[in-house]
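Working notes, structure below.
Note that this is a predicted model, so its numbers are computed, not measured. The chains referred to below are lettered A, B, ... by the order of the sequence lines, with proteins before strands, and numbering in each begins at 1.
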Amino acid sequence: MLEIRNLHVSIEDKKILNGLNLTVHDGEVAAIMGPNGSGKSTLSYVIAGKPDYDIHDGEILLDGENVLEMDPDARAAAGIFLAFQYPLEIPGVATMTFLKAAMQAQRKARGEEELSTAEFMKRVRDQAGHLGIPQDMLKRGLNVGFSGGEKKRMEILQMALLEPKFCILDETDSGLDIDALKVVSEGVNRLRAKDRSFLVITHYQRLLNYIVPDTVHVMAHGQVVKSGGKELALELEANGYADYKTLAA
Amino acid sequence: MSDVTPIRTPAENALIAAFPAARKSLPGNAHVIALREAAFNRFEAKGLPHRRVEEWKYTDLRTALRDALPLADALNVADAAALAQSDSCLSSGDAFAELDAHRVVIVNGHFVPSLSSVNAQGVTVNDLAEALSTGAGIDALGTMAKADDSALALNAAFMQGGVVIDIAKGASVDKPIYLRFIVMGQEARAIYPRVLVTVGEGAAVTLIEAHQGGDGIAYQTNAVVEIKAGAKSHIQHIRLNAHGDAAIDLSSLGTDLGEAAEFKSMNFVMRPALARHQVFARFSGEHIKLDVSGAALLKGKQHADSTLYVDHAMPHGESRELFKHVIDDEAVGVFQGKIVVQPIAQKTDGRMMSQAILLSDDATMYNKPELEIFADDVACGHGATCGALDDDLLFYLRARGLPKPEAEALMLAAFIGEALEKIENDSVREALEAQTQAWLLARAVK
Ligand SMILES: Nc1ncnc2c1ncn2[C@@H]1O[C@H](COP(=O)(O)OP(=O)(O)OP(=O)(O)O)[C@@H](O)[C@H]1O
Ligand SMILES: [Mg+2]
């Protein structure tokens, strides 16, 4: 599904990713853990195509195709989705309007037919229902005045509607209360499929009790410094990152 | 500022030369002639405004008006009806074509009854040219705006026609009154329309103005609309400036507000090469609510200036100003807002905001808010923002699959939408949203 080879990235002359390698297979849920500032969000932005970064070396292949040449919207149409660590507020753009524009734009880019308004409404109602998002929230400006947890649910709603094949969740669990964590995790688990993979960035092992990963990767100093199964998350929870901080330095 | 009169420009000379003949041919009884002369003398003394005249700092008419054009001929009614059949301007390009409204059509500064139809209880519409001759119903003419402004003076000197509208006390006009100003003809002309509206006590009305003319013709318009708002009246005024792309358009709105009047006015600028819209609002009673807003979508070498003069002359007044500019290419936006709070105008609540989005490195926005507060118990504030579209927001939208032009269009529509939200009439607001979308679409495919 996704293969990252020897990725070197800097921003404003600050080197952040240092030859990162990572492979996520079809249908796999890969978790990334790592200390603050190790470059996890940077990695997610670079995969999604945020323009601020200098990419010095390396490749990101989605099903064999290098996405580094593609605009962010083309990457989205190709199936990459990033649930932002800090979702943005867009005043004046009603959530519904935005959802429809995004869905239609992706369909158009893929040469698919437009969704009828009725079908669109049905899908939104269904998914919003699953995630406990009230209808009146969808009429408000996108994320405007939403609580931290509401914004995160909104990201998952977008993910569910856009049906991407590679989903990146950047600390989707932070800011969620215990019930919301379950709702959001169930939302993610519903989407798990043979042809859909996930990169789940988190600081807390607890999320991984709900979204059980196939692999866990530890990131430090802009590299993946250790990979393992789900037991690695438990080990980190117990021991912290002390070993890895020195390891890559 | 120096007292030395600068050398007259060709346009000034032409205007001065044109006045004696115009004075004789333009409509007006002795009182109106005196009014024209007084106005002309004011203009002659000051000349065209230029950058050292503070109110015109960013819109130098001495430079912009290279020559004064001959006045558009008086139309006879039969001509207008014939033109209506032939001229594409009349048959197309009406932003409010679908609007259910009372229509008043003014072609080249002249009221055209045969194209107009107003049939509403409590509303009378009369030809201004006739009223100028008879003197009927024009006592308030020229009383509502700051007298020493040169654009106003020029209109008073050369006004050709227009309408006088009277809304009876307590009348609640069922549909908007739609004033459609059309500039016709292939020759560039000067056009000076004038409108006087008196809204009786407790009356409610929506007034819409749309201005349009052919592209590529460097005509000049100078329109003045005066609105006398009776006590407790409720007025919504929306002006669409869709003049031709080579036009120079000066426009003034003067309003005198009675006690507890509520007045909302919005000016929406799309096409003309140069547009200057000035609003003069006087609070003549207590507990008045004024809301003045503007939105401009500018590209190429367009220049659009919005200048306000809000005079809080009575206590407990509220004023809100919101101006939004989207500026592409080498276009220039100007916002000048002067709010004066007189010593007796305690408990005045004034808030002014100007926001601009610059879409190109060569785009320019000038903001000049001015508060002159002589009362001590007031809440007044102003703010201005100016910058490019937010890159992070743009990325967020693009990461959801919206191509850059669409993502930008969505953000710009939302930006302009915050001003359009003030329009209470759904069809009017939707018509302007459609204009906005058309502009954004043209930009997206550019
Ligand atoms: N625009 C920028 N300019 C300079 N440094 C930046 C910029 N953006 C990020 N960084 C730096 O890059 C490093 C990696 O940041 P990143 O957000 O990727 O970390 P993270 O692993 O997601 O951390 P956290 O767990 O706190 O979310 C940090 O040291 C951060 O300060
Ligand atoms: Mg992060």
B:Arg400 NZ/CZ over B:Tyr396 ring centroid, <6.0 Å and within 45° of normal: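 Ring-cation test returns yes.
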Atom group of [X] that falls short of 4.5 Å from chain B, counting heavy atoms:
X: A:Ala101; value: both
X: A:Glu89; value: backbone
X: A:Pro91; value: both
X: A:Leu88; value: both
X: A:Leu142; value: side chain

message: Rounded at 0.5 Å granularity, tell me how far CG in B:Leu179 sits from CD1 in B:Ile238.
response: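 Answer for the CG-CD1 pair, B:Leu179 versus B:Ile238, is 11.5 Å.
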- prompt: At what distance, to the nearest 0.5 angstrom, does CG of B:Asp305 lie from NZ of B:Lys368?
  reply: 9.5 Å
message: For the interface with chain B, which of A:Lys108, A:Gln106, A:Gln104 has the highest count of heavy-atom pairs at distances below 4.5 Å?
response: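 Looking at each option in turn, the highest pair count goes to A:Gln106.
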- prompt: Side chains of B:Met353 and B:Arg320: closer than 4.5 Å at any heavy-atom pair?
  reply: no
- request: Decide ring pair (Phe, Tyr, Trp, His ring centres under 6.0 Å) for B:Tyr58 and B:Phe335; before the verdict, give the C-alpha distance in whole Å, the side-chain angles of both, and the deciding distance to 0.1 Å.
  value: CA-CA 9 Å; B:Tyr58 304 104; B:Phe335 171 74; over 10 Å; no
message: Counting heavy-atom pairs closer than 4.5 Å to chain A, which one of B:Ala414, B:Gly401, B:Gly417 comes out on top?
response: B:Gly401
Check against side-chain contact (heavy atoms from CB on, under 4.5 Å), A:Val24 and A:Phe166: CA-CA 9 Å; A:Val24 182; A:Phe166 189 77; 4.0 Å; yes
